[in-house]
Amino acid sequence: MIGILNAYHFDPTPGSFQEDYGHLIMGFAKKAFPDKPIHNYEIAFGKWPADVNECDVWIITGSAKAAYDNDPWITQLKKFIVELHGNKKKLIGICFGHQVIAAALGGEVIKSPKGWGVGVKNFKILKPQPWMTPALSQVRLLFSHQDQVIRMPKDAELIAQDQFCEFQMYQIGKHILTMQGHPEFSVKFARERLISRKEKVAPETYETAMNSFDNPKDDQILAQWIQNFVSI
């Protein structure tokens, strides 16, 4: 079974972002694992699995919260990550998931002085992996983040980066894979989230991001990569 550790539900923004995100992450998980049962654990609401063996593969989602916040559920999540890592359970981290895995395992996450990374952005694959089929040298994904990993966990291997975000993707052994981008986002969702944050984003960054939404994305390939990775 695939377990989604859904960290998104603490977003207080008015509207349907919380509800919409649940559908998006479930839809993406079904792309990556079309033949597997999927359970959505709303961990920010206290809905946790019984233990790390309840599912075969775990996905930690995006969130409006930060990996360095002291909310009790984030502290609990970090302990769960340490246990997953110790048992070498397959674990995928997306955006906040990418960051909180780093923070839990000895890395460092900060609110970046570079500001917001939003819209469709390209990043470079530094170290192509056998599970990266079909192969890409550049990946295009939707982004929506202000925090960044600035130090990876011990034994992590950097596999992708760009000038804005040095640590785009990293891998630990054959059981942990993380990414800063949002392969689960739809353009509609990303655009509405950006509009809701217009006052927080630099005008030039906002305009560039809004103009980027029609650019092609590689979310389907990322779904395939994740499926390949958990099979190794």
Practice item. Treating Ile, Leu, Val, Met, Phe, Trp and Tyr as nodes and any side-chain heavy-atom pair under 4.5 angstrom as an edge, say whether Phe213 and Leu141 lie in one connected cluster. Key: yes
Point to revise | Leu84 vs Ile176 side-chain heavy atoms within contact, under 4.5 Å | key: no
Check your understanding: Going by atom types only, do Gln99 and Gln180 share a side-chain donor-acceptor pair under 3.5 Å?
Key -> yes
Check your understanding: Do Ile94 and Ile60 touch side chain to side chain, with heavy atoms closer than 4.5 Å?
Key -> no
Point to revise | Verify same cluster id: Phe143, Ile195 (apolar side-chain graph, 4.5 Å) | key: yes
**Study point:** Trp48 side, atom CH2; Ile43 side, atom CD1 - distance, nearest 0.5 Å
**Key:** 4.0 Å
Point to revise | Point-to-point distance, once rounded to the nearest 0.5 Å, from OH of Tyr21 to OG of Ser63 | key: 9.0 Å
**Study point:** Non-hydrogen side-chain atoms of Phe229 and Ile92 separated by less than 4.5 Å
**Key:** yes
Point to revise | Gap separating the CG atom of Leu142 from the OG atom of Ser144, nearest 0.5 angstrom | key: 9.0 Å
Review point. Do you know the tightest heavy-atom contact between Asn70 and Thr75?
Key: O-OG1, 4.2 Å
Exercise for review: Indicate the ring-plane relationship of Phe185 and Tyr8, choosing parallel, tilted or perpendicular according to the 30° and 60° boundaries.
Suggested key: perpendicular
Check your understanding: Are the side chain of Thr208 and the backbone N or O of Glu204 linked by a donor-acceptor pair below 3.5 Å?
Key -> yes
**Study point:** Within one Ile-Leu-Val-Met-Phe-Trp-Tyr cluster: Ile159 and Ile150, side-chain cutoff 4.5 Å
**Key:** no
Practice item. Kindly indicate whether the side chain of Phe167, heavy atoms from C-beta on, has any atom under 4.5 Å from the side chain of Gln148. Key: no
Review point. In terms of side-chain geometry, is the basic nitrogen of Glu192 or Lys188 positioned less than 4.0 Å from the acidic oxygen of its partner?
Key: yes
Point to revise | Check: Phe80 ring centroid to Trp58 ring centroid under 6.0 Å | key: yes
Check your understanding: Could Lys65 and Phe96 be counted as a cation-pi pair, given that NZ or CZ must be under 6.0 Å from the ring centre and within 45° of the axis?
Key -> no
Review point. So how far is it from Asn40 CG to Asn6 CG, rounded to the nearest 0.5 Å?
Key: 4.5 Å
Practice item. Answer yes if the side chains of His145 and His182 hold a donor-acceptor pair under 3.5 Å, and no otherwise. Key: no
Review point. Hey, are the side chains of Trp225 and Pro183 touching, using non-hydrogen atoms and a 4.5 Å cut-off?
Key: no
Review point. Should Asn122 and Asp162 count as side-chain neighbours, where that means a heavy-atom distance under 4.5 Å?
Key: no
Practice item. Please check if Ile110 and Phe164 belong to a single hydrophobic cluster, counting links between Ile, Leu, Val, Met, Phe, Trp and Tyr side chain heavy atoms closer than 4.5 Å. Key: no
**Study point:** Gln227 side chain vs Phe33 backbone, donor-acceptor pair below 3.5 Å
**Key:** no
Review point. Does a salt bridge link Lys31 with Asp219, judged by any charged N lying under 4.0 Å from a carboxylate O?
Key: yes
Check your understanding: Which atom pair, heavy atoms only, marks the closest approach of Ala7 to Ala44?
Key -> O-CB, 4.4 Å
Review point. Of Glu199, Lys198, Arg197, Lys200, which is the lone residue that meets side chain to side chain contact (heavy atoms under 4.5 Å, CB included) with Tyr206?
Key: Lys198
Exercise for review: Decide whether Glu54 and Tyr41 meet the rule of one side-chain donor and one side-chain acceptor closer than 3.5 Å.
Suggested key: yes
Revision key, fill the gap. All heavy atoms of Ile125 vs all of Ala160, minimum pair found to be CD1-CB, 3.9 Å
Study note, to complete from the structure: Value for CG (Leu222) from CD1 (Ile226), rounded to nearest 0.5 Å, stands at 6.0 Å
Practice item. Could you verify whether a donor N or O on one side chain and an acceptor N or O on the other, from Asp147 and Tyr68, lie under 3.5 Å apart? Key: yes
Check your understanding: Once you round to the nearest 0.5 Å, how far does NZ of Lys121 lie from OG of Ser212?
Key -> 8.5 Å
Review point. So, Gln224 versus Asn228: side-chain donor-acceptor pair below 3.5 Å or not?
Key: yes
